[in-house]
Peer 1: 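What follows is a structure written as structure tokens; I'll ask about it next.
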Protein chains: 2
Amino acid sequence: MVSVEVAEKVRDVARKLGYLRNPLASGLRTRRSHTVGVLIPDLTNPVFPPIIRGIERTLAAHGYVALLADSGNSSKNKQALTEGLLARQIDGLILATAHRKDKLVEKCLDFGIPLVLVNRTVDKHHVASVINDDELGIKLAFDHLVGLGHRRIAFVGGPQNTSTAHERYRAFLKLARLAGLAVERQLTANSDAFTEAAGQSAMNRILASHPEPFTAVITANDLLALGCLDAFHEWGLRCPADISLTGFNHVRFMDRLKPRLTTIQIPHDELGVRAALLLLEQIGKETAPTTIRLKPRLVTGDSTRAPSKNQRWPAADPVKAPRSTRHPRAVLGAS
Amino acid sequence: MVSVEVAEKVRDVARKLGYLRNPLASGLRTRRSHTVGVLIPDLTNPVFPPIIRGIERTLAAHGYVALLADSGNSSKNKQALTEGLLARQIDGLILATAHRKDKLVEKCLDFGIPLVLVNRTVDKHHVASVINDDELGIKLAFDHLVGLGHRRIAFVGGPQNTSTAHERYRAFLKLARLAGLAVERQLTANSDAFTEAAGQSAMNRILASHPEPFTAVITANDLLALGCLDAFHEWGLRCPADISLTGFNHVRFMDRLKPRLTTIQIPHDELGVRAALLLLEQIGKETAPTTIRLKPRLVTGDSTRAPSKNQRWPAADPVKAPRSTRHPRAVLGAS
DNA sequence: ATGAAAGCGCTAACAG
DNA sequence: CTGTTAGCGCTTTCAT
């Protein structure tokens with residue numbers, strides 16, 4: 001070994017000459033690319049940026065870099081993009097796109113690449129996952145509403161092929177049963193996307209079934225909640241005067257809406273950080289698949305209040321406007 | 001050459017065996033990684049996700065993949081992350097972090113790597129850039145307000161070391177001069193970040209100088225506009241009853257705020273798409289640095305209306321609350 | 001035309 | 001312990 005100061009000098013000169021070690025070449029030899037794939041369903045969905053940020057920051061701190069791929073909610077893309085990532089010799093993969101039964105997840109497991117699911121997981125929990133405690137989240141909303149005196153509570157859920165939507169729906173049914181509330185089929189509607197348009201249409205379905213008046217709605221997602229507000233508007237219902245409403249996810253700016261939305265805050269940043277750490281650990285050495293479940297908390301706005309004695313309730317269907325152009329493009333969302 | 005069908009068969013078998021060409025190895029030989037670095041200042045700022053999405057989608061369509069790095073607004077990180085990206089043999093670099101005089105941009109130019117700036121550019125425009133036409137944007141807002149009858153208009157700008165903030169500020173001064181409006185120093189304030197907190201404090205400075213009443217405010221960014229709303233609230237001013245307000249960027253959900261914000265929509269997606277295309281072109285062959293300037297458009301909400309005959313105006317400073325904890329963490333924003 | 005061989009930049013295994 | 005060499009998977013060049 002040469003003296004430390006000479007070594008330092010060499011390094012200095014190397015830097016000055018603009019030498020940068022080529023990690024691709026070294027990776028060719030060591031089969032380590034120090035690169036991780038991150039596949040998300042839709043960057044535009046406000047849920048994901050903070051997660052990605054957490055992932056990226058943590059990876060960078062460990063000398064890794066993120067290959068970002070946005071599937072645009074298309075499973076064809078998912079497939080193709082993942083193949084591209086794998087070909088690029090990524091050391092591991094973080095998927096934010098998982099469905100409850102997910103072909104791609106199975107393939108990746110078969111492939112044997114270190115894999116971590118974030119935000120959503122699969123039914124068979126044999127994959128490392130970092131998710132929100134959705135049951136707790138719904139419980140927080142439910143208890144909050146019941147505490148305010150609500151007894152007839154409706155539910156607007158998301159696509160049941162995602163673990164988040166499914167868990168939230170199940171949690172609602174369970175809590176309602178435990179609390180001794182009659183769970184009427186009419187009072188729940190699951191939409192096929194986590195979007196405002198889908199939420200609006202779900203709430204419309206509930207209201208169009210002319211149920212006995214209910215005083216509160218729990219939704220599985222903030223965007224769905226926004227859609228409910230649109231539906232309320234159509235039917236001449238006021239929030240929170242006639243109906244209380246809760247969201248889920250605490251998307252930015254929700255505290256600046258007409259009624260500030262009461263919602264469930266999930267630790268997005270930490271979700272990303274923990275996912276990255278879990279993956280790095282797995283890359284280091286074989287590990288048994290863990291599921292990390294982070295605790296959400298309730299953020300109270302003013303979209304919830306005690307039920308009113310003289311609730312206004314629509315006598316008939318609203319006059320349909322020619323076309324509600326509020327949501328021109330159906331952008332598929334996610335949670 | 002063997003027959004086409006045999007070639008096809010071989011490819012099929014190769015796929016079935018799970019063969020994926022290793023682009024790292026081929027890149028070692030060809031000095032093409034088919035990889036592009038994307039450096040952004042803060043993923044959490046709602047301006048960037050759609051830009052990145054546009055970039056990522058376009059790159060993917062051309063067989064490229066994005067190495068995403070989030071500098072968290074720190075220039076040390078910028079430096080380090082960029083070095084990491086360059087070492088990884090990226091074929092090109094997209095920077096969304098540029099300042100008007102940007103050391104890093106100069107370095108990258110010296111390095112000779114294909115470079116495209118997006119959203120913001122540098123003063124010496126010798127770099128390929130895809131930006132918004134900020135002068136036009138401010139003109140749209142200005143003309144809208146003047147058209148409504150406003151004559152005394154204030155301006156809240158952003159950090160003048162970014163081209164966006166600088167252009168918007170200059171455009172405002174120019175338009176005011178051309179329209180023959182007296183431009184009082186008191187009526188303009190540039191904040192040091194594109195955040196709600198910075199906007200609030202800037203508007204507070206203006207109001208605390210006790211200027212002759214003004215009837216409208218143009219801001220250089222939606223988040224700054226939100227901060228202005230907070231300041232209005234502190235001073236007992238109503239928007240739009242007492243003061244009209246315009247934003248800039250058309251951030252999502254701005255159309256659901258208390259007063260729906262009148263703002264300037266810039267084509268974020270296209271910004272990303274065009275930046276990616278410009279970079280790919282440059283990677284293909286040496287090209288003269290172009291600046292692409294995309295056209296924004298006005299989105300009218302109800303934060304703007306004709307000036308009121310009986311405008312309410314604060315007689316004294318507001319009673320200071322112990323501390324406005326509205327913005328606990330100062331998160332540096334960007335535009 | 002077809003096939004063998006060299007080498008991209010690096011590291012790990014190997015002699016010296 | 002130090003210095004040399006082979007080879008990661010691919011492309012390109014050079015013989016055949």
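Below, read A as the first sequence line, B as the second, and so on, with proteins coming before strands; counting in each chain starts at 1.
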Peer 1: Measure from the side-chain heavy atoms of A:Ala25 and tell me the nearest of D:dC10, C:dT11, C:dG9.
Peer 2: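 For A:Ala25, the side-chain atoms sit closest to C:dG9.
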Peer 1: Would the distance check show the side chain of A:Ser129 and the main-chain N or O of A:Val127 forming a donor-acceptor pair, the cut-off being under 3.5 Å?
Peer 2: yes
Peer 1: C:dA6 phosphate, OP1 or OP2: any side-chain N/O from B:Arg29 under 4.0 angstrom?
Peer 2: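 Looking at the OP1 and OP2 atoms of C:dA6, neither is under 4.0 Å from any side-chain N or O of B:Arg29.
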Peer 1: In whole angstrom, give the distance that lies between atom CG of B:Leu24 and atom P of D:dC8.
Peer 2: 16 Å
Peer 1: Given atom CG of A:Leu28 and atom P of D:dA6, what is their separation to the nearest angstrom?
Peer 2: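 So the CG-P distance, A:Leu28 to D:dA6, works out to 17 Å.
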Peer 1: So does B:Arg32 get a side-chain nitrogen or oxygen closer than 4.0 Å to the phosphate oxygens (OP1/OP2) of D:dT11?
Peer 2: no
Peer 1: Roughly, in whole Å, what's the span from CZ in B:Arg88 to P in C:dG9?
Peer 2: 18 Å
Peer 1: What nucleotide, of D:dT11, C:dG9, D:dC8, holds the atom closest to the side chain of A:Arg31?
Peer 2: D:dC8
Peer 1: With distance as the sole criterion, is a donor-acceptor pair present between the side chains of A:Thr164 and A:Asp134 under 3.5 Å?
Peer 2: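 There is no such pair (donor and acceptor under 3.5 Å, judged by atom type) between the side chains of A:Thr164 and A:Asp134.
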Peer 1: Could you point out which residue of B:Arg120, B:Lys107, B:Lys124, B:Lys78 forms a salt bridge (Lys or Arg N to Asp or Glu O under 4.0 Å) with B:Asp102?
Peer 2: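 Looking at B:Arg120, B:Lys107, B:Lys124, B:Lys78, the match for B:Asp102 under the salt bridge (Lys or Arg N to Asp or Glu O under 4.0 Å) is B:Lys78.
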Peer 1: Scan B:Val130, B:Val116, B:Leu278 and name whichever one has a side-chain contact (heavy atoms from CB on, under 4.5 Å) with B:Thr290.
Peer 2: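 Of the listed residues B:Val130, B:Val116, B:Leu278, the side-chain contact (heavy atoms from CB on, under 4.5 Å) partner of B:Thr290 is B:Leu278.
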